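Predicted model only: the values in this text are computed from it and were never measured. Here is the naming used below: chain letters follow the sequence lines, and residue numbers restart at 1 for every chain.
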Amino acid sequence: MMIEIDCRGLACPQPVLRAKKALDNMQEEEVLVIVDNPAAKENLERLANFLNYIFKLEKKEDNNYYIIIKKPKGNEYST
Amino acid sequence: MNTLRKFSGMVLLTGIVVGVLGGLLVKLGNPPNMGICVACFLRDTAGALGLHRASVVQYIRPEIIGFVLGAFLVSLLKGEFRSQGGSSTVIRFSLGAFLMIGALMFLGCPIRMLLRLGGGDLNALPGLAGFISGIWIGVLFLKRGFVLSRATSLSKANGLIMPTFMFGLLILLLVRPGFIFFSSKGSASQHAPILISFIAGLIIGGLAQRARFCFVAGVRDIILIKNPHLLIGFVAVLLFATITNLTLGQFHLGFLNQPVAHNDYIWNYLGMLLVGLAATLLGGCPLRQLILAGEGNSDSAITVLGMLIGSAFCHNFFLASGVEGVTLNGKIAVTLGILFCFITGLGNREV
C-alpha cells in the first residue's frame with residue numbers, strides 16, 4: 001500500500017510538513033508526494049536525504065513532480 | 001545528493017553576496033547599516049509614489065526592482081517562471097501590511113536585522129530574539145494544521161504584472177517626472193549610484209531565486225524538521241556583513257547612537273516577532289516574497305503590494321519608529337498585528 005499526498009498549490013513548508021507527517025506515522029512502505037514546483041521537489045529530496053530515506057522522482061508531467069519517498073529495506077533509521 | 005550539495009553551495013554563495021554587498025552599498029552611498037533592507041526600501045518606494053508624504057523617506061530603490069527582475073529573468077532562463085495564485089488573497093495582503101508595521105517598528109527587515117548586527121548595532125539582538133520567537137509561534141500554528149488555501153495555475157499575464165510594474169518603476173526612477181517624490185534630506189537622500197544599486201539587486205535576485213533563499217525558512221526548518229540547510233545563508237550574511245563592515249571601518253559596537261535605530265528593547269523584540277510570525281504564516285520572508293513575485297507568483301505579488309501599503313500606513317498614521325524611539329500608535333498597530341496573526345493562525349485550516 002502506498003499513501004498519496006497531493007501538495008499541488010500549497011505554499012512552503014506544507015509539502016515537507018505533510019510528507020514528514022506521513023513518514024513519521026508510516027504504516028505504509030512508500031509515500032507518493034505530488035508537488036508543482038522545483039523548490040518543493042528539492043525540499044522533499046533534502047528531507048528524504050536527512051531522514052536516510054530513498055528519494056525517487058517517479059515522473060514529471062507538465063509542472064507536476066511525482067515523488068516517491070520510501071524506507072530503505074531492512075534497516076530502520078534513527079535520528 | 002549532488003543536487004543537494006549544489007543548492008547548499010548556492011545558499012552559502014547568496015548569503016556571502018548579500019553580506020558583502022550589504023556593507024559595500026553603504027560605502028557607496030546607502031544609509032548606514034542599511035545597504036539592503038526590503039522593508040525600508042519598499043517604504044522609500046511607497047514614499048516616492050506619494051503613498052505617504054514623509055519627506056525624508058521617498059526614493060524609488062533600484063535594489064527592490066533588481067530583486068524582482070533578477071528573479072524574473074533567471075526563472076525565465078531556467079524554465080521556472082509560472083503564473084500561480086489565488087490563495088487567500090486578502091489574508092496575504094493583510095499579513096504583508098502587518099509584517100511591514102512590525103518591520104518599521106524595529107526599523108528593518110530580516111536582512112537589515114543581520115546587517116545591523118554586522119555593523120555592531122546590538123539593538124538588533126532583541127530583534128533577532130523576537131524574529132525567532134515569531135517563527136516559533138508560527139511553527140506551532142503550522143503543526144496545528146494552519147494552511148492558507150491552495151493556489152492554482154493562472155494565465156501568464158497574471159505573473160507578468162509584478163515584473164512589469166517593477167520595470168515601470170525603473171523608468172520612473174530614470175526619467176524622474178515631477179509627480180514622483182525624491183527626498184533631498186534624510187535616509188532616502190542617501191543612496192548608491194542607480195546603476196550599481198540596480199545591478200546589486202539583479203545579482204541578489206538571481207542568486208536568491210536559484211538558492212530558494214529565505215530567512216524565515218532558515219530558522220523555521222530548524223524548529224520544524226531540524227534541517228539546517230537554509231540557516232547557512234543566515235549565518236553567512238551575518239559573518240560577511242561583519243567582515244565587510246570591519247574592513248571598511250563601518251563597525252561600531254554598542255546600543256547607543258546607532259544609525260536609523262532606537263534602543264527600545266521590548267518593541268524591537270515585538271516588532272520582529274510580528275515579522276517572524278507573519279512571514280511564517282505567509283510561507284516566506286520579505287525577500288522571498290519579492291523573488292516569488294518575480295517568478296510569477298501572484299500570491300507573493302499581492303503580499304508585496306500589502307507591504308507597500310502597510311509601509312504607507314506606517315508613515316501616514318505615525319506607526320513607524322524613528323531614532324527618537326517608538327510611537328504609541330506604533331505599539332497599538334503592532335499589538336493589533338500580532339492579534340491578527342493569532343486569529344489567522346487559529347482560523348485557517350484545510351477543510
Side-chain angles (χ1 to χ4, degrees), chain A residues 3-26 31-72 76-79, chain B residues 1-8 10 75 78-88 92 138-139 142-143 145-153 209-214 216-217 220-221 223-230 280-285 288-289 291-292 295-297 299-300 303 350:
Chain A
I3 189 168
E4 183 185 309
I5 313 166
D6 187 352
C7 296
R8 284 174 288 189
L10 290 176
C12 203
Q14 291 295 334
V16 168
L17 196 63
R18 290 175 185 214
K20 183 162 188 297
K21 201 171 168 189
L23 291 167
D24 282 348
N25 357 307
M26 190 140 105
V31 175
L32 170 70
V33 194
I34 312 169
V35 295
D36 59 2
N37 66 83
K41 185 202 78 171
E42 290 148 21
N43 286 338
L44 289 169
E45 187 171 358
R46 209 168 288 120
L47 176 76
N49 183 60
F50 185 70
L51 296 175
N52 286 322
Y53 279 27
I54 296 163
F55 171 94
K56 190 173 160 220
L57 177 61
E58 188 67 11
K59 62 173 174 172
K60 182 175 183 279
E61 222 171 54
D62 301 322
N63 289 308
N64 299 326
Y65 300 84
Y66 295 77
I67 291 156
I68 291 178
I69 300 177
K70 59 182 171 186
K71 238 179 239 184
E76 291 289 321
Y77 79 93
S78 56
T79 50
Chain B
M1 190 60 202
N2 280 336
T3 31
L4 290 185
R5 227 176 263 141
K6 194 178 86 187
F7 277 104
S8 293
M10 282 303 295
S75 70
K78 292 285 177 181
E80 292 181 358
F81 180 85
R82 248 194 94 201
S83 278
Q84 220 188 7
S87 157
S88 310
R92 287 183 187 276
V139 167
L142 285 169
K143 284 186 171 168
F146 166 80
V147 63
L148 293 177
S149 61
R150 284 177 195 252
T152 51
S153 287
Q209 197 279 339
R210 295 314 301 146
R212 331 290 185 204
F213 202 79
C214 180
V216 164
R220 180 196 66 206
D221 290 356
I223 305 172
L224 197 60
I225 49 173
K226 300 180 181 62
N227 186 335
H229 164 75
L230 279 165
T280 305
L281 299 182
L282 283 163
C285 72
R288 183 77 182 139
Q289 299 299 335
I291 302 301
L292 286 172
E295 290 180 32
N297 188 317
D299 294 330
S300 289
T303 306
E350 197 166 55

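Across all their heavy atoms, B:Leu148 and A:Leu10 have their closest contact at O-CD2, 4.3 Å. Considering every non-hydrogen atom in both B:Phe146 and A:Gln14, the closest pair reads O-NE2, 2.9 Å.
In this structure, the portions of A:Asp36 lying under 4.5 Å from any heavy atom of chain B include both its backbone and its side chain. In this structure, chain B has a heavy atom under 4.5 Å from the side chain of A:Ala11, while its backbone stays farther away. For A:Glu42, the parts lying under 4.5 angstrom from a heavy atom of chain B are both the backbone and the side chain. Contacts of B:Lys78 with chain A are absent, with no heavy-atom separation under 4.5 Å from either backbone or side chain.
Heavy-atom neighbours of A:Lys60 NZ from other residues, nucleotides or ligands within 6.0 Å: above the threshold of 12.
Put simply, OG on B:Ser153 and CG on A:Asp62 are 9.0 Å apart, with the number rounded to the nearest 0.5 Å. A distance of 6.5 Å separates CG of B:Asp221 from CG of A:Asn43, quoted to the nearest 0.5 Å. For the atom pair NZ (A:Lys20) and CG (B:Leu224), the distance works out to 7.5 Å, reported to the nearest 0.5 Å. Taken from NE2 in B:His229 to CZ in A:Phe50, the straight-line distance is 12.5 Å, to the nearest 0.5 Å. Taken from CG in A:Asn63 to CZ in B:Arg82, the straight-line distance is 4.0 Å, to the nearest 0.5 Å.
Looking at B:Leu142 and A:Leu17, their side chains come closer than 4.5 Å, going by heavy atoms from C-beta outward. Counting only heavy atoms from C-beta outward, the side chains of A:Arg18 and B:Val147 approach each other to under 4.5 Å. Proximity of B:Arg150 to A:Asp6: side-chain heavy atoms (C-beta onward) are separated by under 4.5 Å at one or more points.
Of the listed residues (A:Cys7, A:Pro13, A:Pro38, A:Cys12), the one with the most heavy-atom contacts under 4.5 Å to chain B is A:Pro13.
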